Amino acid sequence: MYPNLSTGAIGVKATFGEAVELAARHGFGGIDFSIEEVEKIVADKGEAHVRKLLSDAGVRLGAWGPPVNWRTDEASWQADLPLLARRAALARELGSDRAATWIMPSDNDRDFDTNYAFHMERLRPVAEGLAEAGCRLGLEWVGPKTLRDARRYSFVHTMEGMLQLAADLGTGNVGLLVDIFHLYTSHADVAAVRRLPVAQVVNVHVNDAIAGRTPDEQLDNERALPGETGVCDIAGFMQALAAIGYDGPVTVEPFSQRVREMTPDDAVRATADSLRRSWALAGLDYPN
């Protein structure tokens, strides 16, 4: 596994090229990216330009969001689907077969069964398009009870529930985006990660929960850098990932106002430092 930078997750606005430069400067092994942006760069400057940019920086492509508006109206979803396989093929050609998206844990309009059917209908063609290009889809469960309480109907919000949803899609290329914050807020622990077959872990996010709040009091959009508060067991989490042989990106997603108020360079530096600390706490060698 390798330290991966998502500039958007830390509130830094950066183009693809700027993100590559920031990642290289601060020792990240990869970056999350927009496949739509990369597709435009390839159309303008060629695939070799993108490959050289990454190679010169010593940075690889991490994960990307499926470019399909599957949550919105049917017309938008249908319009995006024909473009998916082509874009997924480009991402894979450039070195990334890991797409990921999150699933809201509640809804005001659809009860559980109706919502489950909705997700089957909308996500199966997305997973099929990704599979056609040899790509995988990671589904992120969202744990905070505060989000479920804010809406009328509860939905899938645990690792086990998301694994079932992934299996029910039936395409064979769907697994999990595992976020330590959602592991904690869904009342699971690192032992659950150790039981996962590595093929089911498509992507990983790390952060920390807010001190002084129980798991059920945590707010989804208020977190900290990994290892900052010590609420989440980052050492055990990283050790569990190493134990199952996870070799993909590890990305910080802190939703931290403190980090958002930093300069871009300082925010990326603090994020890199938090990952070095996480590797060290777990007793693992930090990738060079």
Side-chain angles (χ1 to χ4, degrees), residues 1-7 9-10 22-32 58-63 96 98 100 136 138 140-143 158-160 162-163 175-213 215 218 222-256 258-259 267-288:
M1 56 187 169
Y2 58 91
N4 187 70
L5 174 65
S6 171
T7 53
I10 58 174
L22 282 166
R25 187 186 311 153
H26 293 284
F28 287 88
I31 61 164
D32 282 357
V59 172
R60 73 188 87 176
L61 294 180
S96 175
R98 301 172 191 265
R136 296 182 288 163
E140 181 180 31
W141 79 94
V142 176
T158 64
M159 177 189 289
E160 293 77 10
M162 199 58 69
L163 284 171
L176 299 174
L177 190 171
V178 182
D179 186 312
I180 189 173
F181 180 81
H182 297 311
L183 191 75
Y184 172 72
T185 54
S186 60
H187 295 272
D189 58 27
V190 297
V193 178
R194 283 182 173 269
R195 292 192 294 268
L196 286 171
V198 69
Q200 291 182 323
V201 184
V202 177
N203 197 15
V204 167
H205 286 171
V206 292
N207 37 59
D208 212 339
I210 302 301
R213 296 176 182 170
Q218 297 289 333
E222 294 182 11
R223 310 181 198 175
L225 292 170
E228 183 176 348
T229 65
V231 174
C232 294
D233 181 11
I234 189 64
F237 185 72
M238 298 294 290
Q239 289 165 354
L241 292 171
I244 66 174
Y246 176 68
D247 64 355
V250 177
T251 307
V252 177
E253 189 183 56
F255 295 132
S256 166
R258 182 178 71 83
V259 175
V268 176
R269 181 181 295 106
T271 301
D273 288 345
S274 75
L275 285 175
R276 290 189 180 90
R277 182 170 61 247
S278 299
W279 254 264
L281 288 169
L284 302 173
D285 292 332
Y286 194 72
N288 294 318

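From a predicted model like this one, the values you see are computed outputs, not experimental measurements.
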### Task
State, yes or no, whether a side-chain contact exists between Arg25 and Val268 at a heavy-atom distance under 4.5 Å.
no
### Task
Determine whether Phe237 and Val204 make a side-chain contact, defined as any pair of heavy atoms from C-beta on separated by less than 4.5 Å.
yes
### Query
Can you name the closest pair of heavy atoms from Leu284 and Met238 and give their distance?
CD1-O, 3.8 Å
### Message
Within the structure provided, determine whether Val193 and Leu241 are in side-chain contact (heavy-atom separation under 4.5 Å).
### Response
yes
### Message
Could you check whether any side-chain N or O of Gln200 sits under 3.5 Å from a backbone N or O of Leu176, counting only pairs where one atom can act as donor and the other as acceptor?
### Response
no
### All salt bridge (charged side-chain N to carboxylate O under 4.0 Å, His left out) counterparts of Glu228, not counting sequence neighbours
Arg258
### Side-chain (Thr229) to main-chain (Ile210) donor-acceptor, under 3.5 angstrom
no
### Summary
Applying side-chain hydrogen bond (donor to acceptor under 3.5 Å, both in side chains) to Arg195 and not counting sequence neighbours gives none
## Note on the structure
dist Leu196:CG -> Leu163:CG (nearest 0.5 Å) comes out at 6.0 Å
### Query
Does the side chain of Leu183 reach to within under 4.5 Å of the side chain of Trp141, using non-hydrogen atoms?
yes
## Note on the structure
Residues at least two apart in sequence or cross-chain that pass side-chain hydrogen bond (donor to acceptor under 3.5 Å, both in side chains) with Ser96, listed by chain then number, are Trp64
### Task
Would you list the pairs meeting salt bridge (Lys or Arg N to Asp or Glu O under 4.0 Å) in which at least one residue belongs to residues 279-288, sequence neighbours left out?
none
### Message
Testing the basics here: between Ala270 and Leu225, what is the closest heavy-atom pair and its distance to 0.1 Å?
### Response
O-CD1, 4.0 Å
### Any donor-acceptor N/O pair, Asp208 side chain to Ala224 backbone, under 3.5 Å
no
### Message
Working note: Arg60 + Asp247, criterion salt bridge (charged side-chain N to carboxylate O under 4.0 Å, His left out); need CA distance, chi angles, decisive distance, verdict.
### Response
CA-CA 13 Å; Arg60 73 188 87 176; Asp247 64 355; over 6 Å; no
### Query
Can you tell me how far the NE2 atom of His182 sits from the CD1 atom of Ile180, to the nearest 0.5 Å?
11.5 Å
### Message
How close do Pro3 and Pro287 get, counting heavy atoms only, and between which atoms?
### Response
CD-CG, 3.7 Å
#### Entry: Atom pair CH2 (Trp279) and CE (Met1), whose distance is rounded to the nearest 0.5 Å
5.5 Å
### Query
Do you know the tightest heavy-atom contact between Ile234 and Ser278?
CG1-OG, 3.4 Å
### Query
Just how far is it from atom CZ of Phe28 to atom CG of Leu22, taken to the nearest 0.5 Å?
9.0 Å
### Message
Taking ring pair (Phe, Tyr, Trp, His ring centres under 6.0 Å) as the definition, give me every residue that meets it alongside Tyr2, ordered by chain and number, with sequence neighbours left out.
### Response
none
### Over all atoms of both residues, closest heavy-atom pair of Asn203 and Ala63
ND2-CB, 3.5 Å
### Task
Could you list the residues that satisfy side-chain hydrogen bond (donor to acceptor under 3.5 Å, both in side chains) with Asn4, not counting sequence neighbours?
Asp32, Thr251
#### Entry: Shortest non-hydrogen separation from Arg213 to Tyr184 and the atoms involved
O-OH, 3.7 Å
### Message
Measuring from atom SG of Cys232 to atom CD of Gln218, what distance do you get when rounded to the nearest 0.5 angstrom?
### Response
7.5 Å
### Query
Is there side-chain contact between Ser274 and Val252, with heavy atoms separated by less than 4.5 Å?
yes
### Query
Are Leu5 and His26 close enough that some pair of their side-chain heavy atoms sits under 4.5 Å apart?
no
### Query
Is the side chain of Arg98 donor-acceptor paired with the backbone N or O of Val202 at a distance under 3.5 Å, no angle test?
yes
### Query
Do any N or O atoms from the side chain of Glu253 and from the backbone of Asn207 form a donor-acceptor pair under 3.5 angstrom?
no
